[in-house]
Number of protein chains: 2
Amino acid sequence: MKIATYNVNGINARLPVLLQWLKEAVPDIVCLQELKAPQERFPLKEINDAGYQAIWNGQKSWNGVAILSKDLEITEVQRALPGNTEDLQSRYIEAIIDEMVICCLYLPNGNPYPGPKFDYKLDWLKRFKRRTNKLIKMELPAVLIGDFNIIPEPRDVYKPERWENDALFRTEVRKVYRELLNKGWVDSIRTLYPDDTVYTFWDYLYKAYDRNAGIRLDHILLSPYLHSGLQSGGVDSHVRGWTKSSDHAPVWIQLEK
Amino acid sequence: MKIATYNVNGINARLPVLLQWLKEAVPDIVCLQELKAPQERFPLKEINDAGYQAIWNGQKSWNGVAILSKDLEITEVQRALPGNTEDLQSRYIEAIIDEMVICCLYLPNGNPYPGPKFDYKLDWLKRFKRRTNKLIKMELPAVLIGDFNIIPEPRDVYKPERWENDALFRTEVRKVYRELLNKGWVDSIRTLYPDDTVYTFWDYLYKAYDRNAGIRLDHILLSPYLHSGLQSGGVDSHVRGWTKSSDHAPVWIQLEK
DNA sequence: GCTGTACACG
DNA sequence: CGTGTACAGC
């Protein structure tokens, strides 16, 4: 079972690249972020033609998340992060696939720090922690997957000293990430590559990809009950080098039961 | 000597198609319209690399005309239509190439009719007539070439009855076109194809190209002294079917001295 | 830089 | 529909 996440930065602009990558990587489950399309402009036909079913939570201009599945049935269970009915941003969708809870998320960026956007990120994280604690308590096999907009550690950014006051690297958000791990969630890519530099995002500006000036933002966290099934994983960083690519690269794991 | 005109509708957006067509058609002289680029954003390097020299009259957002030459020297003689120093629209450039006067023009569209834009078109035509009469009197070998935004006759539009009040087909502008012919200018494409339907433009909307719902707007008029040299000519209408094509197709003639 | 938005023009 | 413009967000 191959599970992947890809922040596409505009699903319609990214469609050729996305379809090419799907054909090459053949994931069983894919979580997408930053669709940047309203519900009715999700390219369902093309996704279906590529062999995938999909559920999605669209939004005009910004955000938007989707879960794709090749063969296994998708049962949607949440299309918003519980705890704030006034939050209208499409950043969360949760489904059961093959008896696993798949939590696809696009965490707020939170810049500039300090400010209301950073406060919104902290509030979102608080609600997210509540949801993930619940999943742990229910002892469900679950995957937290997507663009966390959190750089977990200094080694996950090419120049940590420049990022001290960036919302992606602020101590407050890294603390929440550590708390998730302390609760038993497993950072699958870091577990597979304990000593390597791993990036999942390279800015469009200043030839960041050519200079490998990257950061690690996209994560796949496994509930304790799934940890033993983790076989392999990686970042398809070559996709970042394709023409008309997203600024993120796809991240994937192989999971056996 | 192959002379061509092509309304590119944005030279930077059209660059791959333009270069492909240049490679395939190998014209000696090319007149371009609707560059839609300021003077400093003309892609001279790419044009040079394709084997062409160029002079151009750019403008931010709108209009813009250029003359390209493969081997023959270009001597610019006008970069505006004389007669109105307050006209700031880049719609005319004139050069001597191989002892011929090449008048590259992008006539105002003139819609909606009636209105100030139509009046501007009529004023532009008045000044154009003065310029062309002068060329006739000087007995110079000259070519009036470009996007005239004039449908000369009913058979030059797929549904003439729908175009009666369109500025491209109004009697006032067709009258001026006829006056040019009466002065001795030769409509080379119509002369070569006296009985055929010939279109040079198909709207992007409503699949106009697929339905062949076209109009003839782009013309190559020869001064009397060049008429006898006219060998052949045509519309490269297949180019209109390429992906990312202009809404106009290139038009060309073969001229021998 | 590369998304998306909205608008003007044809 | 497909150019161009300007702007916001990241």
Side-chain angles (χ1 to χ4, degrees), chain A residues 7-15 17-18 32-38 41 58-64 89-91 106-113 115 117-118 120-121 147 149 163 166-168 201-211 213 215 217 240 242-248, chain B residues 7-15 17-18 32-38 41 58-64 89-91 106-113 115 117-118 120-121 147 149 163 166-168 201-211 213 215 217 240 242-248:
Chain A
N7 178 320
V8 290
N9 188 17
I11 189 155
N12 286 299
R14 203 66 56 227
L15 205 50
V17 161
L18 174 62
L32 302 177
Q33 302 86 38
E34 282 208 81
L35 303 180
K36 287 185 170 179
R41 292 209 49 213
Q59 182 179 335
K60 184 171 162 175
S61 306
W62 311 115
N63 313 313
Q89 300 191 25
S90 296
R91 296 179 170 278
Y106 172 51
L107 237 138
N109 175 293
N111 277 306
Y113 166 84
K117 293 193 175 186
F118 190 72
Y120 171 65
K121 183 175 194 169
D147 177 358
N149 268 318
W163 289 75
D166 192 286
L168 308 184
F201 169 95
W202 295 262
D203 206 300
Y204 284 128
L205 290 83
Y206 318 121
K207 298 186 187 293
Y209 181 66
D210 297 342
R211 296 185 296 122
I215 53 184
L217 290 182
R240 179 61 181 84
W242 292 356
T243 46
K244 296 226 86 197
S245 90
S246 169
D247 39 6
H248 294 250
Chain B
N7 177 320
V8 290
N9 188 17
I11 189 155
N12 286 299
R14 204 66 56 228
L15 204 50
V17 161
L18 174 63
L32 302 177
Q33 303 85 36
E34 281 208 82
L35 304 180
K36 286 186 170 180
R41 292 209 49 213
Q59 183 180 334
K60 182 171 161 174
S61 307
W62 310 117
N63 313 313
Q89 300 190 26
S90 296
R91 295 179 170 280
Y106 172 52
L107 237 138
N109 175 294
N111 277 306
Y113 167 84
K117 292 192 175 185
F118 189 74
Y120 171 65
K121 183 175 194 169
D147 178 359
N149 269 318
W163 289 75
D166 192 287
L168 308 184
F201 169 96
W202 296 261
D203 207 300
Y204 284 127
L205 290 83
Y206 318 120
K207 301 188 185 292
Y209 182 66
D210 297 342
R211 296 184 296 121
I215 53 183
L217 291 183
R240 178 62 181 83
W242 293 354
T243 47
K244 297 226 87 199
S245 90
S246 170
D247 38 7
H248 294 250

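Throughout, a chain's letter reflects where its sequence line sits, starting with A, and its residues are numbered from 1. Values below: all heavy atoms of this structure, side chains included; hydrogens, waters and symmetry mates excluded.
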Exercise. Does B/Lys117 use its side chain to pair, donor to acceptor, with the backbone of B/Asn111 at less than 3.5 Å?
Worked result: no
Problem set entry | Atom of B/Ala167, atom of B/Phe118 and distance for their closest heavy-atom approach | CB-CD1, 3.6 Å
Problem set entry | A/Gln59 to A/Gln89 - nearest heavy-atom pair and separation | OE1-CA, 3.3 Å
Taking the side chain as every heavy atom from C-beta outward, state whether [X] and [Y] have any pair of such atoms under 4.5 Å apart.
{"X": "B/Leu168", "Y": "B/Asn109", "value": "yes"}
{"X": "A/Glu34", "Y": "A/Ile11", "value": "no"}
{"X": "A/Ile215", "Y": "A/Trp163", "value": "yes"}

For this session: Kindly point out which of C/dC2, C/dA6, D/dA6 is positioned nearest to the side chain of A/Lys60?
Result: C/dA6
For this session: Establish, with yes or no, whether the OP1 or OP2 oxygen of C/dC2 is under 4.0 angstrom from a side-chain nitrogen or oxygen of A/Lys207.
Result: no
Atom pairs under 3.5 Å: protein N/O with N/O of nucleotides 7-9 of chain D:
none

Rounding to a whole Å, what distance do you find between [X]:[atom1] and [N]:[atom2]?
{"X": "B/Tyr106", "N": "D/dG4", "atom1": "OH", "atom2": "P", "answer": "13 Å"}
{"X": "B/Asp210", "N": "D/dC1", "atom1": "CG", "atom2": "C1'", "answer": "13 Å"}
{"X": "B/Ile11", "N": "D/dG2", "atom1": "CD1", "atom2": "C1'", "answer": "17 Å"}
{"X": "B/Trp163", "N": "C/dG10", "atom1": "CH2", "atom2": "P", "answer": "13 Å"}
{"X": "B/Asn111", "N": "C/dG10", "atom1": "CG", "atom2": "C1'", "answer": "8 Å"}
{"X": "B/His248", "N": "C/dC9", "atom1": "NE2", "atom2": "C1'", "answer": "12 Å"}
{"X": "B/Asp247", "N": "C/dC9", "atom1": "CG", "atom2": "C1'", "answer": "11 Å"}
{"X": "B/Asn12", "N": "D/dT5", "atom1": "CG", "atom2": "C1'", "answer": "14 Å"}

Problem set entry | Heavy atoms from other residues, nucleotides or ligands near CZ of B/Arg211 exceed 12 (cutoff 6.0 Å) | yes
Exercise. Mind checking what makes side chain to side chain donor-acceptor pair (under 3.5 Å) contact with A/Tyr113, not counting sequence neighbours?
Worked result: A/Arg170
Exercise. According to a 3.5 Å limit on both distances, what stems of 3 or more consecutive Watson-Crick or G-U pairs are formed with DNA chain C?
Worked result: C:1-10 with D:1-10
Seminar exercise, completed: Per nearest nucleotide of DNA chain C, the residue lying toward the 5' end, A/Ser61 or B/Asn63, is A/Ser61
Problem set entry | Side-chain H-bond candidate by donor/acceptor type, A/Lys36 with A/Asn9, under 3.5 Å | yes
